[in-house]
Amino acid sequence: MINRYSLVDEESSLTIGKSLDLVRLTGNFTETVGDEDFHKVTLVHFQYNDELVAYCKEKQISINNIEITILDHEENSIGSYYFVLREPLSYNRFTEFNEVLTQFELVGDLSQVATEESLLIWNMRRKPLANTNEWVGLSLEQRIGWLEVARLYRGTQLHSQERQNGIYHMDATNIEDSSSFYCALGEAINGPGGYYGFNLDSLSDCFCGGFGAKAPFVIILQNVDHEWYLKEGYFQQLKEVLADGNVTLVYS
């Protein structure tokens, strides 16, 4: 069976263990301690990693902050959610590392909760996307989840080669609102499942570099429904942000 999640110590980068599944990453379950509420995340069928076990034979480790990572079909990390533990996890050479734990519970604070829609998209992304436009047909909420995953995804598109003065062709056929615009824009610049902003502020940040295309560059918008775009107030704001960011928009 392939593990779908892992826990990584944020400080040492040691993999604590892996699990077949997990629940409550959406933050929908809390535990009250005193007058404070904490998130509770449960990993199902959890197994400690050999790397951690070997480390603890030599040294003690205290873990405060964790990355809850999503694994692909080859058990490589493709994204993560940051979790601050209420109490540290401590391990040493006397710790009994059971082979498999039916449930492994974390209590603390999720810096960002996942949505049910984003968890659905993570499952889609466990194998590399072969084609663009796989977001077409998703609901509005699912497209928002698509953009969340695209932003957090750490697979092959790490933008090691920053491009300036590029020309990008963007098909506007399936654009009906701001969320579908950003889904299409991310793919036009960075390929299937690519990310290039999810709102006007994040789009401006992308122009500065680190996301595959650095301004100035050109977007050629193809198959545009001019009547819809002229009526859409958000698109007028978008054009202003593009112009201010030294990005040229061309209609084709």
Side-chain angles (χ1 to χ4, degrees), residues 26 79 112-125 128-159 161-252:
T26 56
Q112 176 183 344
V113 299
T115 63
E116 293 291 350
E117 291 77 17
S118 64
L119 292 177
L120 171 69
I121 305 305
W122 279 119
N123 285 332
M124 292 175 60
R125 300 295 302 269
L129 298 177
N131 303 301
T132 58
N133 292 332
E134 292 196 26
W135 52 270
V136 176
L138 298 178
S139 67
L140 171 60
E141 291 77 12
Q142 289 169 340
R143 290 197 300 272
I144 293 171
W146 178 279
L147 291 169
E148 176 186 321
V149 171
R151 178 174 59 84
L152 297 174
Y153 187 82
R154 60 166 78 134
T156 56
Q157 51 182 44
L158 295 180
H159 319 308
Q161 295 182 347
E162 192 74 356
R163 187 181 180 190
Q164 201 168 18
N165 298 309
I167 299 176
Y168 301 96
H169 296 264
M170 180 176 168
D171 185 1
T173 302
N174 299 301
I175 296 175
E176 60 185 39
D177 57 13
S178 63
S179 67
S180 51
F181 175 87
Y182 289 109
C183 290
L185 177 62
E187 294 195 326
I189 292 176
N190 289 307
Y195 172 80
Y196 204 80
F198 65 94
N199 60 20
L200 295 177
D201 289 338
S202 62
L203 179 62
S204 295
D205 291 340
C206 289
F207 296 154
C208 299
F211 296 91
K214 185 175 181 180
F217 60 87
V218 176
I219 298 173
I220 298 177
L221 202 57
Q222 301 170 319
N223 303 316
V224 177
D225 180 350
H226 285 82
E227 183 178 353
W228 185 87
Y229 280 97
L230 289 172
K231 291 180 180 179
E232 180 57 47
Y234 185 89
F235 189 65
Q236 303 307 314
Q237 293 178 281
L238 179 62
K239 288 195 296 183
E240 293 175 7
V241 170
L242 290 171
D244 290 343
N246 204 15
V247 175
T248 302
L249 192 62
V250 178
Y251 300 98
S252 172

Tell me yes or no: between the side chains of D205 and S202, is some donor less than 3.5 Å from an acceptor? no
What's the verdict on side chain to side chain contact (heavy atoms under 4.5 Å, CB included) for E117 and I144, showing C-alpha distance, side-chain angles and the deciding distance? CA-CA 8 Å; E117 291 77 17; I144 293 171; over 6 Å; no
After noting the C-alpha distance and the side-chain angles of K239 and L249, does the key distance pass the side chain to side chain contact (heavy atoms under 4.5 Å, CB included) rule? CA-CA 8 Å; K239 288 195 296 183; L249 192 62; 4.1 Å; yes
What heavy-atom pair brings Q164 and P216 nearest, and what distance separates the two atoms? NE2-CD, 3.4 Å
Just do the side chain to side chain contact (heavy atoms under 4.5 Å, CB included) check on L238 and F181 with the steps written out, would you? CA-CA 10 Å; L238 179 62; F181 175 87; 3.3 Å; yes
Rounded to the nearest 0.5 Å, what separation is found between the CG atom of D171 and the OG1 atom of T132? 8.0 Å
Can you tell me how far OH of Y182 sits from CD1 of I175, rounded to the nearest 0.5 angstrom? 11.0 Å
Return the CG to CD1 distance between L221 and I219, rounded to the nearest 0.5 Å. 8.0 Å
Considering non-hydrogen atoms only, spot the tightest contact between Q222 and H169 and give its length. NE2-ND1, 3.4 Å
So does V136 get a backbone contact from the side chain of N133, meaning a donor-acceptor N/O pair under 3.5 Å? no
Salt bridge present between E148 and R143 (N-O < 4.0 angstrom): no
Considering non-hydrogen atoms only, spot the tightest contact between A215 and N246 and give its length. CB-O, 4.2 Å
Ignoring hydrogens and angles, tell me if any N or O in the side chain of E134 forms a donor-acceptor pair with the backbone of P192 under 3.5 Å. no
For the residue pair S180 / D177, report whether a side-chain donor-acceptor contact shorter than 3.5 Å exists. yes
Taking side chain as C-beta onward, heavy atoms only, is V247 less than 4.5 Å from V218? no
State, with a plain yes or no, whether a side-chain heavy atom of I220 is found less than 4.5 Å away from one of Y251. no
Would V241 and L200 satisfy side chain to side chain contact (heavy atoms under 4.5 Å, CB included), going step by step from the backbone distance to the final call? CA-CA 7 Å; V241 170; L200 295 177; 4.0 Å; yes
Looking at K214 and F207, what are the two nearest heavy atoms and their distance? CG-O, 3.5 Å
Would you compute the distance between atom CE of M124 and atom CG of L138 and round it to the nearest 0.5 angstrom? 6.0 Å
Check: A114 main-chain N/O paired with S118 side-chain donor or acceptor under 3.5 Å: no
For the residue pair Y195 and A150, what are the closest heavy atoms and their distance? CB-O, 3.4 Å
Only one of L203, L185, L147 passes side-chain contact (heavy atoms from CB on, under 4.5 Å) with F198, and that residue is L147
Any side-chain donor paired with an acceptor under 3.5 Å for W135 and E187? yes
Can you say whether the rings of F211 and Y196 are parallel (under 30°), tilted (30 to 60°) or perpendicular (over 60°)? perpendicular
To the nearest 0.5 angstrom, please state how far the CZ atom of R125 sits from the CG atom of L120. 12.5 Å
Do you know the tightest heavy-atom contact between A188 and Y168? O-CD2, 3.7 Å
Rounded to the nearest 0.5 Å, the OG atom of S139 sits from the CH2 atom of W146 at a distance of 12.5 Å
